[in-house]
There are 2 protein chains.
Amino acid sequence: MAVSMTEQEWRPDGETMCPYRLVLEHVTSRWGVLVLISLMDRPYRFSELRRAISDVRPVSEKMLTQTLQTLERDGMIHRDAKPVIPPRVDYSLTDLGREAAEQVRGLAEWTARRMGQVREARERYDAEKGRG
Amino acid sequence: MAVSMTEQEWRPDGETMCPYRLVLEHVTSRWGVLVLISLMDRPYRFSELRRAISDVRPVSEKMLTQTLQTLERDGMIHRDAKPVIPPRVDYSLTDLGREAAEQVRGLAEWTARRMGQVREARERYDAEKGRG
DNA sequence: CGGGATCCGAGAGGATACTG
DNA sequence: CAGTATCCTCTCGGATCCCG
């Protein structure tokens with residue numbers, strides 16, 4: 001089974017790693033970030049969400065499914081499957097998920113604001129290495 | 001070369017992905033988080049930092065080196081190599097790095113606070129699946 | 001439409017040995 | 001001590017096919 005978007009355990013003896021790190025990796029994961037931020041606007045259906053995210057970066061169905069399941073299990077996302085044909089499933093943030101999304105968005109926005117400084121730092125660094 | 005703690009480009013045409021996502025992945029990476037938070041206290045030497053982090057989770061020299069280089073290149077970390085025998089290298093946060101560390105710590109602390117709710121959500125979820 | 005199951009390549013990440 | 005270089009393993013993540 002193992003929904004594992006990341007590792008579960010790391011010690012041979014099965015002792016568990018500080019568990020919040022796993023949650024942190026879930027919400028800051030490549031697709032977790034985009035899912036959480038997208039869902040801040042409104043609920044989305046599966047394919048709809050896939051298209052929205054793919055505007056930023058193409059995501060496979062598999063990874064989107066995996067991400068949604070992991071975040072649902074962590075209590076960040078509510079999954080509402082309507083028993084109709086064709087199937088319709090709506091995803092939305094829980095209260096917990098909204099808090100997470102706000103945190104993540106904060107970090108993302110900070111990063112975006114500081115991109116200029118990061119770029120400068122990189123150019124300096126690469127120039128150093130170039131000469132040696 | 002490619003210091004790549006993560007991917008660089010993703011489109012065949014070489015068009016660059018929204019670049020801040022890379023920085024985000026650097027600072028929220030498995031080892032990036034622990035490095036940044038550790039360095040908030042004070043500067044550390046390499047092995048010293050390795051030991052400190054390994055209290056939380058064992059890190060190989062390779063991954064610590066890679067993480068430090070990536071974060072140095074992004075301008076988050078200052079590397080001070082003293083020309084002495086035996087070698088002595090001190091790592092500390094830059095102003096930019098301190099801002100990043102505060103953001104990351106905020107997210108980490110939020111996650112830690114909410115772990116109880118996450119655990120409950122997981123138990124509910126797993127119980128659902130168990131029955132069907 | 002919303003997934004599951006499977007196969008596969010690429011990169012993350014560890015262990016070890018070596019160097020200045 | 002602070003790395004570098006090499007090898008090896010394992011997981012992430014994409015592609016494809018299938019099902020209700």
Side-chain angles (χ1 to χ4, degrees), chain A residues 1-12 17 21-22 25-26 28-35 43-54 57-73 77 79-91 129 132, chain B residues 1-12 17 21-22 25-26 28-35 43-54 57-72 77 79-92 129 132:
Chain A
M1 268 254 99
V3 177
S4 89
M5 179 185 255
T6 126
E7 87 291 341
Q8 309 274 27
E9 313 275 342
W10 58 278
R11 288 199 184 161
M17 181 177 81
R21 274 254 49 205
L22 288 178
E25 290 183 6
H26 293 173
T28 64
S29 73
R30 182 174 318 195
W31 306 116
V33 173
L34 298 177
V35 165
Y44 276 85
R45 299 183 56 177
F46 183 87
S47 300
E48 199 183 20
L49 183 57
R50 181 153 129 86
R51 279 190 296 274
I53 290 180
S54 293
R57 168 164 184 166
V59 57
S60 65
E61 294 183 3
K62 176 189 167 184
M63 289 316 298
L64 183 56
T65 299
Q66 227 175 80
T67 303
L68 288 169
Q69 285 176 351
T70 302
L71 292 179
E72 186 198 357
R73 191 172 105 97
I77 284 183
R79 179 176 184 274
D80 182 20
K82 271 91 171 179
V84 297
I85 303 292
R88 176 190 177 101
V89 182
D90 289 281
Y91 291 94
K129 300 297 161 182
Chain B
M1 273 250 94
V3 178
S4 89
M5 179 185 255
T6 129
E7 87 291 342
Q8 310 275 26
E9 314 273 342
W10 58 278
R11 288 200 184 161
M17 181 178 80
R21 274 256 47 203
L22 287 179
E25 291 185 6
H26 293 175
T28 62
S29 72
R30 180 171 323 197
W31 306 117
V33 173
L34 298 177
V35 165
Y44 275 85
R45 298 182 59 177
F46 184 85
S47 299
E48 199 182 20
L49 184 58
R50 182 153 128 87
R51 277 189 298 272
I53 290 179
S54 293
R57 170 165 183 164
V59 57
S60 65
E61 295 183 3
K62 176 188 165 186
M63 289 316 298
L64 182 56
T65 300
Q66 225 175 81
T67 303
L68 288 169
Q69 285 175 352
T70 302
L71 292 180
E72 186 197 357
I77 283 182
R79 180 177 184 275
D80 182 20
K82 271 92 171 180
V84 296
I85 304 292
R88 177 190 176 100
V89 182
D90 289 281
Y91 291 94
S92 55
K129 300 298 160 180

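All heavy atoms count here, side chains included; hydrogens, waters and symmetry mates do not. Here is how names work: the chains are called A, B, and so on, in the same order as the sequence lines, proteins then strands, and each is numbered from 1.
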Bracket string, DNA chain D, 5' to 3' - pairs by Watson-Crick or G-U geometry under 3.5 Å, | interstrand | ||||||||||||||||||||

Pair B:T67-B:L34, side chain to side chain contact (heavy atoms under 4.5 Å, CB included): steps then yes or no | CA-CA 10 Å; B:T67 303; B:L34 298 177; over 6 Å; no

Show the numbers, then the answer: is there a side chain to side chain contact (heavy atoms under 4.5 Å, CB included) between B:T28 and A:V33?
-> CA-CA 11 Å; B:T28 62; A:V33 173; over 6 Å; no

Report each atom pair, protein N/O against N/O of nucleotides 14-16 of chain C, whose distance is under 3.5 angstrom.
residue, atom, partner, partner atom, Å
C:dG14, OP2, B:S60, OG, 3.1
C:dG14, O6, B:K62, NZ, 2.6

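Straight-line distance from the CD1 atom of A:I53 to the C1' atom of D:dG13: 15 Å, rounded to whole Å. For A:L64 and D:dC12, the CG to P distance is 17 Å, given to the nearest whole Å. Atom OH of B:Y44 is separated from atom C1' of D:dC1 by 18 Å (rounded to the nearest Å). Taking atom CD on B:E48 and atom P on D:dA2, their separation rounds to 8 Å, with Å as the unit. Taking atom CD1 of A:I77 as the reference point, atom P of C:dG3 lies 11 Å away to the nearest angstrom. Counting to the nearest Å, the C1' atom of C:dT6 and the CD atom of A:Q66 are 13 Å from each other. Residue A:H26 contributes atom NE2, which lies 15 Å from atom C1' of D:dG13 at whole-angstrom precision. At whole-Å resolution of the value, CZ in A:R51 and P in C:dG2 are 8 Å apart.
The side chain of B:S47 lies closest to D:dC1, out of D:dC1, C:dC1, D:dG3.
Residues satisfying the side-chain contact (heavy atoms from CB on, under 4.5 Å) test with A:V59, not counting sequence neighbours, are A:W31, A:R50, A:I53, A:S54, A:M63, A:L64. Remark: B:S92 pairs with B:P43, B:H78 by the side-chain contact (heavy atoms from CB on, under 4.5 Å) rule, at least two apart or across chains. Remark: A:R79 engages A:Y91 in a side-chain hydrogen bond (donor to acceptor under 3.5 Å, both in side chains) (not counting sequence neighbours). Residues passing the side-chain contact (heavy atoms from CB on, under 4.5 Å) test with A:T65, sequence neighbours excluded: A:F46, A:Q69. Partners of A:E48 by salt bridge (charged side-chain N to carboxylate O under 4.0 Å, His left out), not counting sequence neighbours, listed by chain and number: A:R42. Every residue meeting the salt bridge (charged side-chain N to carboxylate O under 4.0 Å, His left out) condition with B:D90, not counting sequence neighbours, appears here in chain and number order: B:K82, B:R88.
Remark: A:Q69 is in phosphate contact with C:dG4, judged by side-chain N or O atoms under 4.0 Å from OP1 or OP2. Taking only side-chain nitrogens and oxygens, A:Y91 comes nearer than 4.0 Å to OP1 or OP2 of C:dG3.
Near DNA chain D, meaning a heavy atom under 4.0 Å from it, residues 81-89 of chain A has A:P87 in order of number.
Remark: side-chain polar atoms of B:R21 are paired, donor with acceptor, to backbone N or O of A:R30 under 3.5 angstrom.
Here A:R79 lies in heavy-atom contact (under 4.0 Å) with sugar-phosphate atoms only.
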